[in-house]
Amino acid sequence: MPGGAEETVAFARAARELGLKLGELELAVQLGEVRAVAVGAMGAVGAMGRRVARAELLRVAAAEGFPGALRARLRVVGTAEGAELLGISPGRFTRLARGGFLTPVRFYVNRYRAVVWLYPAAELAAFAEREPALLTGRVPAGLRATLSAGEDQRAARWRGRRVEQLLARTEDPWERAAVWAAVLPPDELEAVVADAAERAHVRELMPRLAPVPAGGGPAAEVVAAVVTADDPVEIRRCRAALDTCVRDARRARPAPRPAGAAQPPGGEPARPSALPSARPRGLWHRLLRGRRSAGDRLAAAYRGRKSPSCTTDTSSRPARS
């Protein structure tokens with residue numbers, strides 16, 4: 001390549017050369033099985049343009065067991081197939097997923113406007129080896145009580161995983177701010193990013209978290225609800241991360257603004273306002289200790305730094321979102 005630049009191929013061609021569908025390659029990138037090269041910036045279309053390095057294609061193709069082993073790692077299953085894989089009833093599988101022990105990697109909205117969650121089969125197998133006690137006997141009382149109160153962590157855990165995937169694609173502080181903004185309701189974004197020009201820039205860069213059904217309508221409303229944080233703890237965490245990223249972004253470079261527009265006062269965005277305390281989670285919260293979601297790990301990284309920097313690393317159905 002001229003100037004020593006790395007040879008890359010288009011995403012669609014990379015999928016063909018690996019014998020994958022586009023959705024399968026997208027999942028492979030999300031799960032870290034294939035490394036993609038970012039081209040351009042995140043934006044309203046939902047994701048930055050991506051290509052795959054020729055060397056990466058050779059690495060993946062040379063791996064032991066290719067392509068069968070790769071396809072096995074990319075296999076996703078729904079509730080019925082996942083329950084069969086774990087040797088439990090679909091009802092028990094759903095309770096474990098709602099309780100936060102199983103993290104969906106994809107979802108779609110069916111014709112009845114219900115959310116169908118998909119899980120990596122390889123992760124379910126690993127869970128069975130790690131937590132055999134949760135697959136037999138009575139469901140822990142704490143879980144029963146929590147679920148009776150309406151607890152369902154599937155959407156929150158999917159969002160945490162999706163945020164982590166998108167943060168891993170970029171070190172640009174404005175783009176990282178846009179990732180956190182993508183899961184917040186519009187009024188929360190406005191409360192954190194008070195400057196209109198900065199807010200417009202963040203919105204321009206916001207990635208699409210999941211495909212929106214064509215034609216909009218009720219199914220699109222269901223998708224919008226899934227991708228938007230609704231729990232006070234999750235909202236507070238995302239607001240704090242967004243605030244940190246915007247501050248880092250301002251230090252790196254100002255957001256573009258119309259000629260003659262005033263800079264934000266003091267060069268700092270408004271601090272997020274206080275949110276109501278989260279409801280206590282009791283026994284089940286203690287049972288879940290140590291099984292933090294991707295979003296929890298990212299938040300801990302921010303809290304554990306004196307001077308947080310948004311540029312630090314975080315590091316057999318068709319998949320549909």
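Note that the structure is a prediction, hence the values are computed from the model and not measured.
The heavy-atom pair separating V223 from P213 by the smallest distance is CG2-CD, 3.7 Å. In terms of heavy-atom proximity, P120 sits nearest to T103 at CD-O, 4.0 Å. Of all heavy-atom pairs spanning C238 and V183, the tightest one is SG-CG2, 3.5 Å. Nearest heavy atoms, A229 versus E234: CB-CD, 3.6 Å. A pairwise comparison of heavy atoms in L147 and G99 identifies CD2-N, 4.1 Å as the closest pair. Between L242 and A177, the shortest heavy-atom contact is CD1-O, 3.3 Å.
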Working for side chain to side chain contact (heavy atoms under 4.5 Å, CB included), residues R73 and L31: CA-CA 9 Å; R73 293 193 297 273; L31 294 178; over 6 Å; no
Worked check of side chain to side chain contact (heavy atoms under 4.5 Å, CB included) between V115 and R154: CA-CA 10 Å; V115 177; R154 289 174 294 184; over 6 Å; no
Stepwise side chain to side chain contact (heavy atoms under 4.5 Å, CB included) check, D172 with R253: CA-CA 10 Å; D172 180 86; R253 68 180 186 278; 2.8 Å; yes
Full working for salt bridge (charged side-chain N to carboxylate O under 4.0 Å, His left out) between R250 and E198: CA-CA 9 Å; R250 280 181 163 176; E198 290 180 339; 2.3 Å; yes
Worked verdict on V246 versus W180 for side chain to side chain contact (heavy atoms under 4.5 Å, CB included): CA-CA 10 Å; V246 170; W180 289 107; over 6 Å; no
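With hydrogens and angles disregarded, a donor-acceptor distance shorter than 3.5 Å links the side chain of T244 to the backbone of A240. A side-chain donor-acceptor contact under 3.5 Å links R98 to the backbone of E151. Judged by distance alone, the side chain of R199 and the main-chain N or O of A194 form a donor-acceptor pair under 3.5 Å. At least one donor-acceptor pair under 3.5 Å links the side chain of R51 to the backbone N or O of T8. Not a single donor-acceptor pair under 3.5 Å links the side chain of R50 to the backbone N or O of F11. Here the side chain of R157 pairs no donor or acceptor atom with the backbone of P104 at under 3.5 angstrom. Looking only at distances, no side-chain donor or acceptor of R95 sits under 3.5 Å from a matching main-chain atom of V139. When atom types are taken as modelled, the side chain of R92 and the backbone of T136 share a donor-acceptor pair closer than 3.5 angstrom.
Here R239 does not pair with D243 in a salt bridge; the nearest charged N to carboxylate O distance is not below 4.0 Å. The existence of a salt bridge linking R176 and D248 is excluded, since no basic side-chain nitrogen approaches an acidic carboxylate oxygen closer than 4.0 Å. Look at R159 and D230 and you find a salt bridge, because one of the NZ, NE, NH1 or NH2 atoms lies within 4.0 Å of a carboxylate O, short of that distance. The pair E7-R13 does not meet the salt-bridge criterion, since no charged nitrogen lies less than 4.0 angstrom from a carboxylate oxygen. Under the 4.0 Å criterion applied to side-chain N and carboxylate O atoms, E221 and R113 are not assigned as salt-bridge partners.
Using cut-offs of 30° and 60° for the angle between ring planes, the W158 and F107 rings count as perpendicular. In this pair, F101 and F127 present their aromatic rings tilted. The plane angle is within the 30 to 60° band.
Summarising the geometry, atom CD belonging to E175 is positioned 13.5 Å from atom CE belonging to M206; distances are rounded to the nearest 0.5 Å. Here the CG-CZ distance, from L166 to R161, works out to 13.0 Å after rounding to the nearest 0.5 Å. From R236, atom CZ reaches atom CG of D231 across 8.5 Å, with rounding to the nearest 0.5 Å. For the atom pair OG1 (T79) and CG (L96), the distance works out to 11.0 Å, reported to the nearest 0.5 Å. With rounding to the nearest 0.5 angstrom, the CZ atom of R75 is 12.0 Å from the CG atom of L118. Residue E188 holds its CD atom at 10.5 Å from CD of E190, rounded to the nearest 0.5 Å.
Crowding of R138 atom CZ: a count of heavy atoms from other residues, nucleotides or ligands under 6.0 Å not exceeding 12. More than 12 heavy-atom neighbours from other residues, nucleotides or ligands sit within 6.0 angstrom of CZ on R59.
Contact of the L143 side chain with the L134 side chain is not registered, since no non-hydrogen atoms from C-beta on lie closer than 4.5 Å. Side chains of E33 and V60 form no contact here, defined as non-hydrogen atoms less than 4.5 Å apart.
Among E17, E24, R16, the single residue meeting the side chain to side chain contact (heavy atoms under 4.5 Å, CB included) criterion with L20 is E24. Between L189 and the options V192, D187, V193, a side chain to side chain contact (heavy atoms under 4.5 Å, CB included) holds for only V193.
Linking ILVMFWY side-chain heavy atoms closer than 4.5 Å, directly or via other members, places V179 and V212 in two distinct hydrophobic clusters. Residues L57 and L27 share a single hydrophobic cluster, defined by chaining ILVMFWY side chains whose heavy atoms lie under 4.5 Å apart. Connection of V105 to L22 is established within a shared hydrophobic cluster, with ILVMFWY side chains joined at heavy-atom distances below 4.5 Å, either directly or through further cluster members.
Checked against the 6.0 Å centroid criterion, the rings of Y119 and F93 qualify as a close aromatic pair.
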